[in-house]
Amino acid sequence: MKVKVFLFVVCGSIVMTWAGLAVGHQHHEHADHEIQAHQASIRMGTGATYFTEKCVFLGAGTKLTYHFDAPKPLDFNIHVHLTEKTIYPVKAENVAQYHAQLTASESQEYCFTWHAREKSAREWYFDFGYEPVPEQTPQ
């Protein structure tokens, strides 16, 4: 009987751990080792304070070209969550189009975030994409 209870507790703990990991990361998309080109349609809700976020893990020194094209102006930032604070390597207000390059200073998750500037009658979408910058080979 003790063995059955032990197995039940161990199996239950494993299932709960897996479930917690799945729920905890449902809004983030992670890249395992190598960043690939990515294109997405980003949804914006109707509220004036609505925001959406896409997080990507970048290795130290990784260079990324990114862009978005929206039908309405947005407030945009790229931020990094550290243990005791949040750092914003990029902040832009009231922009509908944006094209730039980011170089990861450390291996960590970088979060691209867009905030609506005004209330909208219905949901709307905009295009977002990023791709790695090819490494230059010395000549």
Which heavy atom in Q108 sits nearest to a heavy atom in L82, and how many Å separate them?
OE1-CD2, 3.8 Å
Could you check whether any side-chain heavy atom of H81 comes within less than 4.5 Å of a side-chain heavy atom of C111, counting everything from C-beta outward?
yes
Applying side chain to side chain donor-acceptor pair (under 3.5 Å), can you list everything that pairs with S120, at least two apart in sequence or on another chain?
K72
Stepwise, does the side-chain contact (heavy atoms from CB on, under 4.5 Å) test hold for E109 with V80?
CA-CA 6 Å; E109 193 170 59; V80 176; over 6 Å; no
Is the shortest heavy-atom distance from the side chain of D127 to the side chain of H67 under 4.5 Å?
no
Give the C-alpha distance, both sets of side-chain angles, the deciding distance and a yes or no for side-chain contact (heavy atoms from CB on, under 4.5 Å) between K54 and F128.
CA-CA 10 Å; K54 176 164 182 57; F128 167 62; 3.7 Å; yes
Check the surroundings of atom OH in Y88: do more than 12 heavy atoms from other residues, nucleotides or ligands lie under 6.0 Å from it?
yes
Any idea how F126 and W114 line up, ring-wise: parallel (<30°), tilted (30 to 60°), or perpendicular (>60°)?
perpendicular
Can you give the donor-acceptor pairs under 3.5 Å from side chains of residues 89-101 to other protein atoms, not counting sequence neighbours?
{"unit_1": "N94", "atom_1": "OD1", "unit_2": "R117", "atom_2": "NE", "d": "3.1"}
{"unit_1": "Q97", "atom_1": "NE2", "unit_2": "D69", "atom_2": "OD1", "d": "2.9"}

Report yes if some heavy atom in the side chain of H38 is under 4.5 Å from a heavy atom in the side chain of V56; otherwise report no.
no
Measuring from T65:OG1 to Y130:OH, what's the distance to the nearest 0.5 Å?
13.0 Å
Tightest non-hydrogen contact, residues A116 and G47, listed as CB-O, 3.7 Å
When rounded to the nearest 0.5 Å, the distance separating CG of D75 from CZ of F51 is 13.0 Å
Between the OG1 atom in T113 and the CG atom in L74, the distance rounded to the nearest 0.5 Å is 11.5 Å
Carefully, step by step, assess W124 and T46 under the rule side-chain contact (heavy atoms from CB on, under 4.5 Å).
CA-CA 8 Å; W124 54 284; T46 59; over 6 Å; no
Of all heavy-atom pairs between P132 and Q36, which one has the smallest distance, and what is that distance?
CD-C, 4.0 Å
One pair to check against side-chain contact (heavy atoms from CB on, under 4.5 Å): H79 and E53. What are the steps and the verdict?
CA-CA 10 Å; H79 62 274; E53 180 174 85; 2.9 Å; yes
Do you know the tightest heavy-atom contact between A60 and S105?
CB-O, 4.2 Å
For E123, check side chain to side chain donor-acceptor pair (under 3.5 Å) against everything at least two apart and list the hits.
R43
Distance, nearest 0.5 Å, that separates CZ of F57 from OH of Y110:
9.0 Å
State plainly whether one hydrophobic cluster holds both I87 and L58, where clusters connect Ile, Leu, Val, Met, Phe, Trp and Tyr through side-chain heavy atoms under 4.5 angstrom apart.
yes
